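All of these numbers come straight from a predicted model, not from anything done at the bench. Here is how names work: the chains are called A, B, and so on, in the same order as the sequence lines, proteins then strands, and each is numbered from 1.
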Amino acid sequence: MATILVVDDAAFMRMRMSKILSEAGYEVIQAENGLDAIDKYRASKPDAVLMDITMPEMDGLTALKEIRAIDPAARIAMVTALGQQQIVLEAVKSGAKDFLVKPAEPDRVLAAVTKLCA
Amino acid sequence: MAMAKGQPLHFELDADDLKLFSEEAAEQLELLDSALVQLEGEPEPDLLQQIFRAAHTLKGSSATIGHKRMASLTHSMETVLDQVRQGKKSPTSEMVDALLAGLDALRVLTDEVRTRVESGVDIAPLIADLDAVLSVSDAPAAAALAPAAGELLLPGEIAAALAVAIEQGKSPFLVEVAIAAACQLPSIRCYQLLQELDALAEVGFTRPDRATIESGGAEFELIAVVASTENDEQLTAAISSISDVETARIRHLQGELPGPIALSSPAAAAAPAASKGPRLALVEDESPSSPAAAAAAAAPARKTTQSVRIDVERLDGLMNLVGELVIDRTRLQQIREQLSSVLKDANLNELTENFEETTSHLARVTDELQDQIMRSRMLPVRSVLTRLPRLVRDVAAKCGKKVELITAGEETELDRSVIEEISDPLVHILRNAVDHGIESPEERRAAGKPETGIVSVTAWNQETYIYLSVKDDGKGIDTKALRRKAVERGLVSAEAAEAASDEAALQYIFIPGLSTAKAISDVSGRGVGMDIVRTNIERLNGQVRIKSTYGQGSEVTIQLPLTLATTKALMVTANDTVYALPLVSVTEALTESEADMHLVGGRRTLRLREKLLPVIDLANALGDRRPRQLNRERFVVAARHSDRQVAFLVDRLLGEQDVVVKSLGDLIGNRKGLTGATILGDGSLGLIIDSASLVAEQAPAAASA
């Protein structure tokens, strides 16, 4: 089964996402900021990444660009709150494959992950 | 478009959807109604945005249910509005007329969804008028991009570029994508689609254009004309890889270039339901990104509150339950009193204290609950007032008058049930004000008034009533003419008319069969006069008053209870039955011995403040013929409706109380003199008096001493 990297500084959001994904049979790795995400991505080459945008240390947009520089085939979906349309657009221009708007329904999370891994 | 009046229609929606569709459509139509007339001149960006959004929402929802004619018409209206919004057109009165004509048709088309019968409305000439407004274009680019409904015409240079690509061996495709209504950032999906198309094809044309998509202004549809070496299956696969794509239609264009290109259907041209409540609320949270959205946000935005739609029936159900609770509360309080008197001496202090505390807490909670539920049934009166500017515009135009309408107090809230009832009387009074009150511009000039008359409609709350006043600065009511007419028609004796004060004579306007208009005009209708207005208002336990100064104008004020679900009443008994007399009509209560009673012409009469009031035995008047004992002192309750007064003779006064109104219908059907029943604290039944009809029946009009 595919491995998903969940990146979010909020422990609750990481837990929720992880729960949704692991219940559907995915292997889940967690990271709590952009820098952490880059390390974890290098270490375990996940099949897909769910990346929060607003985070301390390194934000999601920067992390997206860094990871895409390491692995141009990286499949990353941004996880956004409302009011960040311009950032999401920039993320899509920078190679994000999809986005989820928080709070995301489990169905939407799984649909997005399925598409990412396809 | 072929018309088939009377044909059954089919729409894709069930009963619940229908309700939502109708309610929402009504809201949008109302918004358009009040906003379109303000469009002429220099419209505010905020207003434009609102109008555009309303048209867009209607287009989306009508397309979703498969109402093609409605979708086509709203599409054309939206196209016109979009041009105005983008500053490519300025609104002319022809444009506003065309839009208003469209709006009228939309009402009928909306109604078709309910009736499911083809109304015979022909949208073709309306669309032609809307197109004509656009075709007087001064900007050629705008004309090229403004398509007829369901058609796409490519600008010349794009068509040329496509022709080159085709010569290079690529095939032209029309791509139409609808994005799911659940998607919260549709513009980004459009951008992703564009990315996919760019990778596989030469993208010649997109609607919306790239700049709009990149600035976040795209919505739930993307239309593109591309040239590609791939086939339609590969294009479809690429598009389907994007999340939230609801439908993707890809059609190989053969011999249709340079155009016009037929779009697959109005449904595809329209955005799918941009109508889901929660999504709308979320969208408004988004940071403004397009210049238009920024302008809209900069302008003082109308307060948007989180709300849910609740079926009135469900609220009524809750209200009924609360009514039951109120009864239990009263009953518990009575038991408490009995208990504490019985147990006073026994050593049960703590128990009774506990019990008292609990009952009084229950009382507080019930009151609060009742209040909250009442509030949840309240709506701002705005929904009624917003329809008025259009009405005034139309009526004024018909009778060649200049009228400015001023409304105030739109925020005033009142119960849904009252809102439904208030509209007709208000409209009638307003028509009268414009048609009969305001003079023609020439007459006004001659009278030294400005040519434009002013009619103001004001709503406000006071205590548990709502007041609505319609005031005009027109010619006022000629009480001399009113007196003459009332005598001519045999409605009032010549002596009475002579003796009546101006104020009393003014009340003649409410007598059935009297119309002061010199001619029955098309505007005010026939036969429906102020008497009907008064009857309707009084049926709701309301009152209507008129003031007028000849030459200076008139003011009609409607007073209504905030809700019809409960009413404040004076509780009385007559022959061992409890009755509730609505307080709105009660003016005074006295004991029989202190009342100044006389026999006039064989009838018992009460002299009260220079007036003679017929005295009515309440039980008799309501047909209670049971034997009775009358050995104790009784009470007289004076009640008035407008200028008519009577005195009811009752056995006992029990005090004032809020009563929950229950319909008599299911139990005994409608009874003369009663409007409903209520359950009393001890569980027995009290009857609510229809004092308006009793007063009208028992008292001659304008009886004065």
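Shown here is Glu105(A), whose CD atom has no more than 12 heavy atoms of other residues, nucleotides or ligands within 6.0 Å.
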Side chain to side chain contact (heavy atoms under 4.5 Å, CB included) assessment of Gln184(B) paired with Phe99(A) | CA-CA 10 Å; Gln184(B) 288 169 344; Phe99(A) 65 87; 5.9 Å; no
From CA spacing to verdict: side chain to side chain contact (heavy atoms under 4.5 Å, CB included), Asp98(A), Arg189(B) = CA-CA 9 Å; Asp98(A) 202 349; Arg189(B) 295 299 182 210; 2.5 Å; yes
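Here the side chain of Gln195(B) pairs no donor or acceptor atom with the backbone of Gly95(A) at under 3.5 angstrom. With Gln85(A) contributing its side chain and Ile188(B) its backbone, the two residues share no donor-acceptor pair below 3.5 Å.
The CD1 atom of Ile213(B) sits 10.0 Å away from atom CG of Leu89(A), with the distance rounded to the nearest 0.5 Å.
Here Asp244(B) does not pair with Lys115(A) in a salt bridge; the nearest charged N to carboxylate O distance is not below 4.0 Å.
Both the backbone and the side chain of Lys93(A) come within contact range of chain B, with heavy atoms under 4.5 Å apart. Proximity to chain A (any heavy atom under 4.5 Å) is restricted, for Ser241(B), to the backbone atoms N, CA, C and O.
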